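So the structure is just underneath, and the comments pick up after that.
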Amino acid sequence: MSDNLAIIIGAGAAGLMCAISAAENGKNVLVLDHANKAGKKILISGGGRCNFTNMYTEPSNYLSANPHFCKSALKRYTQWDFIAEVDKAGLPWHEKKLGQLFSDNKSEAILNLLLDRCDALGVEIKLNCAISSIKKHSDESFELNSNNGKYHCTSLIIATGAMSFPTMGATDFGHRIARQFGLSVTHTNPGLVPFTFDAKEKQQFEGLSGVSLDSEISCANQSFRENILFTHKGLSGPAVLQISSYWQAGNTITVKCLPDIDLCEDLKQHQQVSPNKHVINILKLHFPERVIERFCINMDLNKPLQQYKHSDLETIANAFQKWQFIPSGTEGYKKAEVTLGGVDTDEISSKTFEAKKVKGLYFIGEVLDVTGHLGGFNFQWAWASGHCCGKAIQ
Ligand SMILES: Cc1cc2nc3c(=O)[nH]c(=O)nc-3n(C[C@H](O)[C@H](O)[C@H](O)COP(=O)(O)OP(=O)(O)OC[C@H]3O[C@@H](n4cnc5c(N)ncnc54)[C@H](O)[C@@H]3O)c2cc1C
């Protein structure tokens with residue numbers, strides 16, 4: 001066993017960042033991953049262009065039972081630190097919207113940046129390496145059993161992410177290891193995930209799959225303004241993914257389409273100015289016809305505006321601007337970008353990421369109960385927690 005060896009399980013965003021920082025600090029670093037490729041989630045992220053951070057990263061962009069936990073690492077390794085790395089590597093990037101920074105090139109460029117740094121620092125990465133068990137000996141060292149044989153180390157970093165997107169190698173391994181060592185894990189749920197409709201909504205909105213609408217979406221005292229996107233199964237799009245992290249089964253979702261316009265006032269004004277115009281023609285100024293048909297199912301829109309009472313116009317406007325539904329569920333971990341909940345942050349030092357009860361055992365990245373909003377915040381958490389842990393490993 002090498003006293004100076006740190007083993008990181010998980011060659012994802014957090015694990016690779018941690019490997020770089022630890023190696024810079026003079027540690028020998030071995031990264032083990034059961035997948036056949038490092039950083040698979042980086043490769044598929046951001047629609048293939050990796051939304052690698054967000055210019056407006058703040059602790060308030062993260063959900064956690066302890067909202068203070070993420071503050072220290074986010075302050076010690078900021079979005080500007082990662083941007084500096086990207087600039088140093090000469091990789092072009094752009095802001096898409098809302099501070100979301102994307103690579104101009106494929107996501108591979110960001111992954112290669114990390115892998116090249118690992119290579120230059122002598123970090124060893126072993127792929128196709130499945131860990132079957134971990135033991136801690138009385139001399140404080142860890143013994144790992146794997147399909148490649150045994151490994152020993154004094155610092156063991158769990159960077160295995162969590163359950164979202166199992167096709168990319170995601171597992172609950174990190175949570176199981178936490179429990180094995182007596183650490184608690186908070187309740188977990190899929191986050192940043194599309195909603196599914198029940199039979200009634202499915203029938204009403206059939207045929208709208210692929211339609212996207214600017215909306216404000218609200219639930220549980222939270223709201224987000226972005227697009228919603230109808231799918232074959234229900235509703236997705238950035239606004240929906242954001243609110244899904246706050247949704248609990250049975251909660252009502254409220255959607256206001258066209259949030260910049262008071263549609264009821266708009267209809268009333270048109271009624272005054274052009275009373276002979278048909279209401280459908282006013283709605284067509286704002287929405288495609290098939291959207292109007294689906295939202296206003298069973299409403300008669302083919303009469304001149306003057307034939308409608310104000311309360312009728314309000315009902316029509318509310319169909320778009322106070323649309324309420326209860327999702328039948330979500331598309332689950334299979335389609336979730338993140339896992340909400342995880343290793344209880346009360347068990348972990350926010351400075352070093354070492355488990356308070358288990359010397360030499362560290363947890364970083366998505367495996368922890370820290371989940372970012374959509375928009376580059378989750379990678380920023382992976383970079384920040386990975387970096388701070390790597391610098392702190394003894
Ligand atoms: C489709 C999709 C798109 C996304 N896009 C973005 C985006 O653009 N911007 C953003 O900020 N976030 C995005 N995310 C979220 C982001 O990918 C994660 O938050 C981030 O990858 C978490 O980093 P991590 O290192 O903690 O875990 P991961 O990246 O999941 O890495 C964990 C690693 O551990 C390995 N592993 C797991 N179990 C074991 C085991 N038992 N033994 C050995 N190895 C194991 C896995 O193979 C994997 O390589 C996206 C997620 C998805 C699913």
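In this text the structure is predicted, and so the values were computed from the model without any measurement. Counting convention: from 1, in listed order, for ligands and their atoms alike.
Atom CZ of residue Arg179 and atom CG of residue Leu183 lie 10.5 Å apart, to the nearest 0.5 angstrom. Remark: Asp119 CG to Ile125 CD1 distance equals 8.0 Å, nearest 0.5 Å. Going from atom CG of Leu144 over to atom CG of Leu32 covers 6.5 Å, rounded to the nearest 0.5 Å.
Atoms of ligand 1 found under 4.0 Å from any heavy atom of Asn51, numbered from 1 in the order shown, are 7 (C), 8 (O), 9 (N), 10 (C), 11 (O). Near Ala13, the atoms of ligand 1 lying under 4.0 angstrom from a non-hydrogen atom of the residue are 23 (O), 25 (O), 29 (O). Every atom of ligand 1 is numbered from 1 in the order shown, and the set under 4.0 Å from a heavy atom of Ala159 is 32 (C), 33 (C), 34 (O). Ligand 1 places these atoms under 4.0 Å from at least one heavy atom of Gly46: 5 (N), 7 (C), 8 (O). Residue Gly12 has at least one heavy-atom neighbour below 4.0 Å for each of these atoms of ligand 1: 25 (O), 29 (O), 31 (O), 33 (C), 49 (O). For ligand 1, the atoms lying closer than 4.0 Å to a non-hydrogen atom of Thr171 are 37 (C), 38 (N), 39 (C), 41 (N). Each of the following atoms of ligand 1 lies closer than 4.0 Å to a heavy atom of Gly365: 26 (O). The contact set between ligand 1 and Ala35, taken as ligand atoms under 4.0 Å from a residue heavy atom, comprises 47 (O).
Note on Lys303 versus Asp312: no salt bridge recorded, every NZ/NE/NH1/NH2 to OD/OE distance being 4.0 Å or above. A salt bridge links Lys268 to Glu265: at least one charged side-chain nitrogen sits closer than 4.0 Å to a carboxylate oxygen. The existence of a salt bridge linking Glu24 and Lys391 is confirmed by a sub-4.0 Å separation between a basic side-chain nitrogen and an acidic carboxylate oxygen. With salt bridges taken as basic N to acidic carboxylate O contacts below 4.0 Å, none links Lys41 and Glu337. No salt bridge links Lys356 with Asp346; every basic N to acidic carboxylate O contact stays at or beyond 4.0 Å.
Closest protein heavy atom to atom 18 (C) of ligand 1: Glu366 OE1, 3.2 Å. Of all protein heavy atoms, the one closest to atom 6 (C) of ligand 1 is Ser45 CB, 3.6 Å. Of the protein's non-hydrogen atoms, Glu337 O, 3.2 Å is the one closest to atom 51 (C) of ligand 1. From the protein, the heavy atom lying nearest to atom 30 (O) of ligand 1 is Lys41 NZ, 3.4 Å. Counting protein heavy atoms only, atom 33 (C) of ligand 1 is closest to Asp33 OD2, 3.6 Å. Nearest non-hydrogen protein atom to atom 39 (C) of ligand 1 is His34 NE2, 3.4 Å. Atom 27 (O) of ligand 1 has its closest protein heavy atom at Gly161 CA, 3.5 Å.
Both the backbone and the side chain of Phe379 come within contact range of ligand 1, each with a heavy atom under 4.0 Å. At a 4.0 Å heavy-atom cut-off, ligand 1 touches Ile9 through the side chain alone.
For the residue pair Ser212/Asn227, the side-chain donor-acceptor check at 3.5 Å is satisfied. The closest side-chain donor-acceptor pair between His373 and Asn378, if any, does not fall under 3.5 angstrom.
Within the structure, the closest approach of Ala170 to ligand 1 does not fall below 4.0 Å when heavy atoms are considered.
Ring geometry for Phe52 against Trp93 counts as perpendicular: the plane angle is over 60°, on a 0 to 90° scale with 30° as the lower cut.
Looking at Ile44, Leu241, Ile177, Val193 and measuring to atom 1 (C) of ligand 1, the nearest heavy atom belongs to Ile44.
The shortest N/O to N/O separation between Ala14 and ligand 1 falls below 3.5 Å.
Residues Leu113 and Ala89 come closest through the heavy atom pair CD1-CB, 3.9 Å.
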